[in-house]
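Let me begin by presenting the structure, written as structure tokens, before commenting on it.
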2 protein chains.
Amino acid sequence: MAGKREQNREQNRQALIGAVLDSVAEKGISETSVSEIIQRAGLSRGMIHLHFGGKDNLVQAAAHHSSEEYYDELEALLQTAGDSPQERIEMIVRGDLSERVLNRRNVSIWYAFRGESRNRKAIAEHSDTRDGRLRGMIHNAFSRIVREAGTPDASGTARDATHGTLALLEGMWTDFLLHPDRFDREEAARIIFRFLSAMFPAHFSLKGAVRTTAEEALPPPCA
Amino acid sequence: MAGKREQNREQNRQALIGAVLDSVAEKGISETSVSEIIQRAGLSRGMIHLHFGGKDNLVQAAAHHSSEEYYDELEALLQTAGDSPQERIEMIVRGDLSERVLNRRNVSIWYAFRGESRNRKAIAEHSDTRDGRLRGMIHNAFSRIVREAGTPDASGTARDATHGTLALLEGMWTDFLLHPDRFDREEAARIIFRFLSAMFPAHFSLKGAVRTTAEEALPPPCA
DNA sequence: GATTTTGATGGACGATTGTCCATTTTTCAT
DNA sequence: ATGAAAAATGGACAATCGTCCATCAAAATC
């Protein structure tokens with residue numbers, strides 16, 4: 001038994017964090033006031049100061065929580081993927097574009113915190129999950145791919161492919177932010193794999209999609 | 001002569017807009033208050049209500065102004081480019097990554113407004129310049145490229161290339177936002193062209209960069 | 001130069017912000 | 001059951017928010 005004392009304590013902490021994220025998602029960060037938060041959490045005004053020492057710390061904790069949630073979701077998906085590097089890349093891309101990860105709520109929260117990130121470095125760190133763990137996951141996979149392929153300047157190629165893939169994913173998120181209704185997950189994934197299959201034709205195929213110019217440009221087989 | 005009346009009027013309007021952008025860039029949107037704005041502009045408190053009817057309208061006008069500035073800068077650069085579609089693409093990419101366009105101030109402002117875009121659609125429109133004019137410019141260029149190359153499903157390929165290039169640029173901007181000191185413009189451009197040259201090997205070359213895996217994967221010339 | 005017109009001023013105003021603490025309620029240990 | 005300890009409450013508080021207007025200054029018109 002965890003003790004009803006501590007159990008309630010933790011429960012209320014989570015309720016506050018959840019209330020912040022709900023409010024940020026729905027009303028934006030500028031309208032997320034203490035009054036708004038405690039009303040959503042159904043708790044009393046003093047709780048924020050009691051548990052977090054102030055609103056700023058609570059918001060920071062919420063940013064941290066949101067970041068962890070994003071990453072946990074992605075890691076869970078990755079564990080269902082196969083061992084081959086191309087399978088892992090594919091899972092990351094499709095996972096990052098999946099409904100569970102890329103949805104209105106998450107995007108609102110993510111970009112709201114990003115908007116404040118320049119002026120609050122504590123929050124900036126949590127907007128930057130991509131640069132830490134996610135980058136490592138993708139880079140590992142591309143490193144194996146270029147090693148298999150015997151590409152010259154393997155490390156540079158793997159680094160560029162990682163950087164480019166992350167940039168593409170970021171761009172798709174922005175697309176979703178600005179046009180959530182007209183956004184098409186399949187199209188976003190197809191475009192990314194189109195770029196990847198152009199760079200690594202031996203490792204990524206378009207699966208029914210139209211072939212790329214790069215493939216078309218191959219010289220005819222020797223007669 | 002424009003009349004000293006109207007001349008001063010317009011001058012003060014611009015001062016207010018400039019003060020908003022300075023404040024947003026330096027302190028963030030949440031700390032951009034009426035007091036902060038009028039102090040920076042060196043004007044009196046009532047000016048905001050007089051010229052814009054309220055703070056919200058002023059902020060919106062500032063977002064609009066910033067967006068126009070971004071686009072004007074890019075269009076000016078584009079006029080110095082040649083006529084070939086690949087030259088135009090190259091100019092857009094390099095322009096969008098150039099110091100004049102991609103710098104700390106602009107990125108701060110851009111993402112600050114983006115963070116509020118979900119809850120204030122008037123601002124969202126101005127965060128979305130990319131989807132309008134810029135998209136058209138890029139799409140035109142890729143359309144010519146795929147037409148020349150005789151690619152099957154030309155329109156789909158041009159659309160995907162446009163979407164992908166925009167996503168890559170967006171991603172690079174995010175990169176800059178989160179790591180302004182370690183960001184490398186040359187590297188960002190190289191990665192984008194690496195993707196593009198993989199998709200359109202006949203139109204984009206790496207110019208001294210290491211060749212891509214796609215090129216390596218070409219079968220040896222017929223003996 | 002007098003009068004009208006318009007722009008500019010800065011303080012008053014009520015509403016709302018986040019912080020903090022005296023008090024009450026609940027849980028734990030005895 | 002009783003006392004100690006911890007958690008939760010909700011209102012007081014000063015500070016700040018954005019709006020608005022009575023007043024003043026200056027430019028344009030006569």
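Only this structure's heavy atoms are used, side chains among them; waters, hydrogens and symmetry mates stay out. Just so you know, these numbers come straight off a predicted model, no measurement behind them. Here is the naming used below: chain letters follow the sequence lines, and residue numbers restart at 1 for every chain.
Taking the six-membered ring where the residue is Trp, the centroids of B:Y111 and B:W173 are separated by 6.0 Å or more.
Ring-plane geometry between A:F204 and A:F142 is classed as tilted, the angle between the planes lying from 30 to 60 degrees on a 0 to 90 degree scale.
Across the interface with DNA chain C, nearest-nucleotide mapping of B:L43 and A:E36 shows B:L43 to be the residue nearer the 5′ end. For the pair A:M47 and A:E31, nearest-nucleotide mapping onto DNA chain C gives the more 5' position to A:E31.
B:I38 has its CD1 atom 17 Å from the C1' atom of C:dG7, to the nearest Å. Residue B:E6 contributes atom CD, which lies 10 Å from atom P of D:dA28 at whole-angstrom precision. The distance between atom NZ of B:K55 and atom C1' of D:dT19, rounded to the nearest whole Å, is 12 Å. Atom P of nucleotide C:dT9 and atom CZ of B:R9 are separated by 14 Å, given to the nearest angstrom. Rounded to an integer number of Å, the gap from CD1 of A:I48 to C1' of D:dG10 is 13 Å. For the pair A:F52 CZ and C:dT19 C1', the interatomic distance rounds to 16 Å; values are reported in whole Å. Straight-line distance from the CG atom of A:D56 to the P atom of C:dT19: 6 Å, rounded to whole Å. Distance CD (B:E10) to P (C:dG7): 12 Å, rounded to an integer number of Å.
B:E116 and A:S30 form a side-chain donor-acceptor contact under 3.5 Å, judged by distance and modelled atom types alone.
Closest approach to the B:R5 side chain among C:dT6, C:dT9, C:dG18 is made by C:dT6 (side chain taken as heavy atoms from C-beta onward). Of all nucleotides listed (C:dA8, D:dA8, C:dT17), C:dA8 comes nearest to the side chain of B:H51. Picking from C:dT19, D:dT9, C:dA12 the nucleotide with the shortest atom distance to the side chain of B:R45 gives C:dA12.
Listed pair A:H49 / C:dT19 fails the phosphate criterion, with no side-chain N or O lying under 4.0 Å from OP1 or OP2. Between B:S44 and C:dA8 there is no side-chain N or O to OP1 or OP2 distance below 4.0 Å. Close to C:dG18, at under 4.0 Å from its OP1 or OP2, lies no side-chain N or O of A:S35.
Judged purely by atom type and a 3.5 angstrom limit, A:S143 uses its side chain to pair as donor or acceptor with the backbone of A:H139.
Residue contacts shown for A:N12 are limited to sugar-phosphate atoms, with no base heavy atom under 4.0 Å away. B:L50 comes within contact range of at least one nucleobase, with a heavy-atom separation under 4.0 Å.
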Can B:D22 and B:R105 be said to form a salt bridge (charged side-chain N to carboxylate O under 4.0 Å, His left out), step by step?
CA-CA 8 Å; B:D22 285 345; B:R105 178 184 151 90; 2.4 Å; yes
